[in-house]
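Taking it in order: structure first as structure tokens, then the write-up.
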Amino acid sequence: MEIAKTYNSAQAEQTWYRYWLDNKFFKSTPDHRTPYTIVIPPPNVTGVLHMGHMLNNTIQDVLIRRARMLGFNACWVPGTDHASIATEAKVVALLKEQGINKSDLSREDFLKHAWGWKEKYGGIILEQLKKLGASCDWDRTRFTMEEDLSEAVIDVFIDLYKKGHIYRGVRMVNWDPQGLTAVSDEEVIHKEAQSKLVYVKYLIAGTEALEIPEYITIATTRPETIMGDTAVCVNPTDERYTLLKGKNVIVPIVNRVVPVIFDDYVDKEFGTGTLKVTPAHDINDFNLGQRHKLQTIDVLNPNGTISEAAGAYVGMDRFACRKQIIKDLEEKGLVSKIEEIKNKVGYSERTNAVIEPRLSMQWFLKMENVSKPALDNVLNGEIKLIPEKFINTYKHWMENVHDWCISRQLWWGQRIPAWYDGQGNTVICKTREEAIELLKTKNSSLNTDNIQQDEDVLDTWFSSWLWPITVFDPKVIRNGKANANEDLKYYYPTNDLVTAPEILFFWVARMAIAGYEWMGEKPFTNVYLTGIVRDKLGRKMSKSLGNSPDPLDLIEKYGADGVRVGMLLCSPAGNDLMFDESYCEQGRNFANKVWNAFRLIAGFEVASGALSGVEVQQSDAQKSAITWFENKLSEQLEIINDHYSKYRMSDALMATYKLVWDDFCAWYLEAIKPDFVDGKAQPIDKATYDATIGYLESLLKIMHPWMPFITEEIWHLLKERDAKDCIIVAEWPTIKSDLDKKQLAEFEVSKELVAMVRNVRAQKQLSPKEKLEVIEKSEATRSYFDNTIIKLANLSAFSYTKEKVEGAFSFQIKTTEFYIPLAMNLNKEDEIERLTKELEYNKGFLKSVQTKLSNEKFVANAKPEVIEVERKKESDALSKIKTLEEQLSVLN
RNA sequence: GGGAGAUUAGCUCAGCUGGUUCAGAGCAUCUGCCUUACAAGCAGAGGGUCACAGGUUCGAACCCUGUAUCUCCCACCA
């Protein structure tokens, strides 16, 4: 069989993903095994795969595949999130392109369009995940707005309302003028901005008295709200303004006469120490307005244009108005100066529009009523955050949590189950019929035609906080957890959650809250927080910057396995990842290395006496290499398992990488590889061959979570197997209990010796083909790896002597001396220089050790083991120095 | 404004309770090799005042204090 020289990833990826699906290897149903569960952080239904998803989902797939191999009933639940604002914005934009305005559509018609859009494009991202190799149980795919899950959201709302945790009221909320909805505090991103601080003169009404100035100056960054001013405020202790007591000022542009009020809130030091009060457009001003019983004038429309109430600039966009008003004020001579300042401006997380504080009627959840168990159980370690540094952040947020504004002025989402009779009565229930019944009890003269359901929908996160519960049993909220279905009982709580720290509050904290509220139990045990994928320059990857490679292009170029390895090579938990394509290249190179190791092994001709006519005996070199690698494999696997248990993914991967590349390919395979005789590779004995195949299989298993495709491909090329004998369901290798540490250490010395010989070749420019001789000065005569050394260093002989060998190149490993007799003459000066250098180093080292040992305090205070080690260092150094001095004396 | 974390080789990062020749790994670099598994490779080599300044200690990359720089989170200063 001819095997391609380089690995063809595309072919294998297609074949095996199909095969896994066909054989239902991703499928999970409750059984006698212990479950291992992950629920996917549902990507936006509108989304396309980006690098963040790649990282995230690769980690999940690695975890789930390894768990599957460890014998757990592994279940990875996929799905998508309806993402209210983002999706609705996208649909609105799309309709606009078709010349349709949302406002011209009825709620029902709009939703029809939205669903149509979802059906058409909603599955894209899940299809993309398949390309990555994600082994999700696709039969369990969920969508947060599907009927059952939506009903659960309503159940939850009603339940919380009954418990008294939900209220409705007019509050200052974060208004997104583009999404035309309120958003929660968490959905506002504060960014530093360069703003103009405009100093505006407000004329003082009635300035007959001479001592009163004509105007006061007020600094503002939002002059477009001037029309909404209903007072001017100064600090009562500010002596500059005491004369203004009882005075009024005239608001520019609209010439409204408003009072000067006094309140401690104003900072005397900031700006001019005066504050224009606009109760409709700033939370602080709103509070001032409440205290001083001020009028509230809302000068903005929901879409961010100036409203009728402003009385000027009506219909103009808020930012255009800002520019215009500055110009007009300047013309009127009312601007005393303009300062460039840096301040924080809030942006909508979903639409990136500048957020306006706006008064409106919204629904809220009292967070402090429900958040306690979610905090306690993270602090006591019941739920683990990885890395732990996020515990502090989590704690801080949970302890200062604000009420959650859960209503959104959108159509795409779960509609709030609140019903109004038009006469001030409200009831909370699922259906119109129930509402009628309930309202009748409150209103005897009820006209059912007037009954209206609340127009708003619930925040997306108000549905996704139920995700780990409802993906298994959406009905559990109404049925009660005692009546949970088999799936939920079996899979809940889930094991690991892999997500970005950005949504720690949005999602993780709230899932914890929901878990305790309705299941009385945590939703997951470990939360692995990934970093943000950034580019080489440390910038966040984003569409607008155009610095994000398309993951599918990467997969095409480097293979899914290569990309997976590339992503995880550089991503410790919680650290941002400075992504560079070269990592994928490294991943692909690794895949290719594995492929070629397989090619070598597949090409071995096995000597079975009858066929080849020769009986091939296993050599000593092969025998010792085999026992060594058995130990090495076990030793490294233990380390790898340990890394996994601590969620140190890149460390686990790197250990795997080195085990395969260095230990297996560079040392083991080189040691057992049959010699060439007359240009022809010799056959290999069966015992060595079988051992090698066995090791390769173990390594493939260990590599499988990282590189699912190539390992499955080789698994099947290696031998004929039953249809169900796939590596994806193979057993994770076990660790040898009686690790021979001594032998491992001995081989490390042998490796050093081999490297030393190679080094001599390089220095003396000797061909690797030229056989050399090595003589060890030693009392003993033979050690376990001698033949392996002969093979690896290409020696003619490896012998022992008790005497010094004159005229040979000599070197030391630890305290042992070795000689290589060379045909050529050694350059005496070079040798003297080399040996002198080494001698100097050792003398210096000895000195530092002896200083330490002669320090009474050290000997008195240090642990005995430590002192023992130092003494050993001293004696080793002494013997080394002695040897070096002897060598030098011969040369001189 | 408050808080958290970071700073170790050119790059990305390990370095656990201070002590093993402790200053490491991978990549990149340099040198030599197209050696019949692999040039997407092989062999070898070089490379760091552990951000800076003090302190504690017999001993500090690690503990303490301060400084600088960076990142993130939280917060209603016009």
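Please read all numbers here as calculations on a predicted model, not as lab measurements. Below, read A as the first sequence line, B as the second, and so on, with proteins coming before strands; counting in each chain starts at 1. The analysis underlying the following values was restricted to heavy atoms, covering all of them including side chains, and did not include hydrogens, waters or symmetry mates.
Comparing A:Leu669 and A:Asp267 against RNA chain B, the residue whose closest nucleotide sits nearer the 5' end is A:Leu669. If you find the closest nucleotide of RNA chain B to A:Tyr583 and to A:Phe845, the one lying nearer the 5' end belongs to A:Tyr583.
Straight-line distance from the CG atom of A:Asp282 to the P atom of B:C76: 11 Å, rounded to whole Å. Note: CG (A:Asp264) to P (B:C77) measures 18 Å, nearest angstrom. In this structure, CD of A:Glu399 is placed 16 Å from C1' of B:A75, rounded to the nearest angstrom. Taking atom OH on A:Tyr657 and atom C1' on B:C27, their separation rounds to 8 Å, with Å as the unit. The interatomic distance linking A:Asn235 (CG) with B:A78 (P) rounds to 17 Å, in whole Å. The CG-P distance, from A:Leu577 to B:U71, rounds to 18 Å in whole Å. Here the P atom of nucleotide B:C58 and the CD atom of A:Glu870 are 16 Å apart, to the nearest Å.
Close to B:A75, at under 4.0 Å from its OP1 or OP2, lies no side-chain N or O of A:Lys344. In terms of phosphate contacts, A:Asn759 brings a side-chain nitrogen or oxygen within less than 4.0 Å of OP1 or OP2 of B:A45. For A:Trp661, a side-chain nitrogen or oxygen approaches OP1 or OP2 of B:C42 to under 4.0 Å. A sub-4.0 Å separation between OP1 or OP2 of B:C27 and a side-chain N or O of A:Arg588 is absent.
Comparing B:G19, B:C38, B:U20 by their closest approach to the side chain of A:Val866 singles out B:G19. Of the listed nucleotides (B:C27, B:C72, B:A25), B:C27 has the atom at the smallest distance from the side chain of A:Gln586. Listed nucleotides B:C73, B:A37, B:C58 differ in distance to A:Phe505; the shortest reach to its side chain belongs to B:C73. For A:Leu275, taking side-chain heavy atoms from C-beta onward, the closest of the listed nucleotides B:G44, B:A40, B:A78 is B:A78. In the set B:C58, B:U36, B:C77, B:C77 carries the atom at the smallest distance from any side-chain atom of A:Tyr265. Taking the side chain of A:Arg758 as heavy atoms from C-beta on, and the options B:A40, B:A43, B:A25, the nearest nucleotide is B:A43. The side chain of A:Asn284 has B:C76 as its nearest neighbour among B:C76, B:U35, B:A37. Picking from B:A39, B:A43, B:U35 the nucleotide with the shortest atom distance to the side chain of A:Ala666 gives B:A43. Side-chain proximity of A:His396 to B:A40, B:C74, B:G19: nearest is B:C74. Among the nucleotides B:A40, B:U36, B:U71, the one closest to any side-chain atom of A:Asn589 is B:A40.
Using cut-offs of 30° and 60° on the angle between ring planes, the pair A:Trp595 and A:Tyr7 is tilted. Ring geometry for A:Phe845 versus A:Tyr841: interplanar angle under 30°, hence parallel rather than tilted (30 to 60°). Ring-plane geometry between A:Tyr668 and A:Phe664 is classed as parallel, the angle between the planes falling under 30 degrees on a 0 to 90 degree scale with a further cut at 60.
Between B:C62 and B:G18, the two C1' atoms lie 6 Å apart (nearest whole Å). Nucleotides B:A68 and B:G32 have their P atoms positioned 49 Å apart, rounded to a whole Å. Between B:C27 and B:A43, the distance separating the two P atoms is 11 Å to the nearest Å. If you take atom P in B:A61 and the same atom in B:C52, they sit 12 Å apart, rounded to whole Å. Rounded to whole Å, the P atom of B:A28 lies 15 Å from the corresponding atom of B:U12. Nucleotides B:C50 and B:G10 place their P atoms 13 Å apart, quoted to the nearest Å. For B:A4 and B:C63, the P atoms lie 16 Å apart once the distance is rounded to whole Å. A distance of about 22 Å separates the P atoms of B:A9 and B:G5, rounded to the whole Å.
When both distances must be under 3.5 Å, the Watson-Crick or G-U wobble mate of B:C42 is B:G32. Of all nucleotides present, none satisfies the Watson-Crick or G-U wobble test against B:G47 with each distance under 3.5 Å. Pairing partner, B:G24: B:C13, with both Watson-Crick or wobble hydrogen-bond distances short of 3.5 Å.
For the 3.5 Å distance criterion, the side chains of A:Tyr199 and A:Glu339 qualify, holding a donor opposite an acceptor. With hydrogens and angles left out, the side-chain atoms of A:Thr225 and A:Lys276 include a donor and acceptor closer than 3.5 Å. In this model, no donor atom of one side chain and acceptor atom of the other lie less than 3.5 Å apart for A:Asp267 and A:Asn235.
For A:Gln763 against B:A45, a side-chain-to-base donor-acceptor contact under 3.5 Å is absent.
Judged by the 6.0 Å and 45° rule, A:Arg588 forms no cation-pi pair with A:Trp706.
Using a distance-only test at 3.5 Å, with no hydrogens or angles considered, a donor-acceptor pair links the side chain of A:Asn596 to the main chain of A:Asn592.
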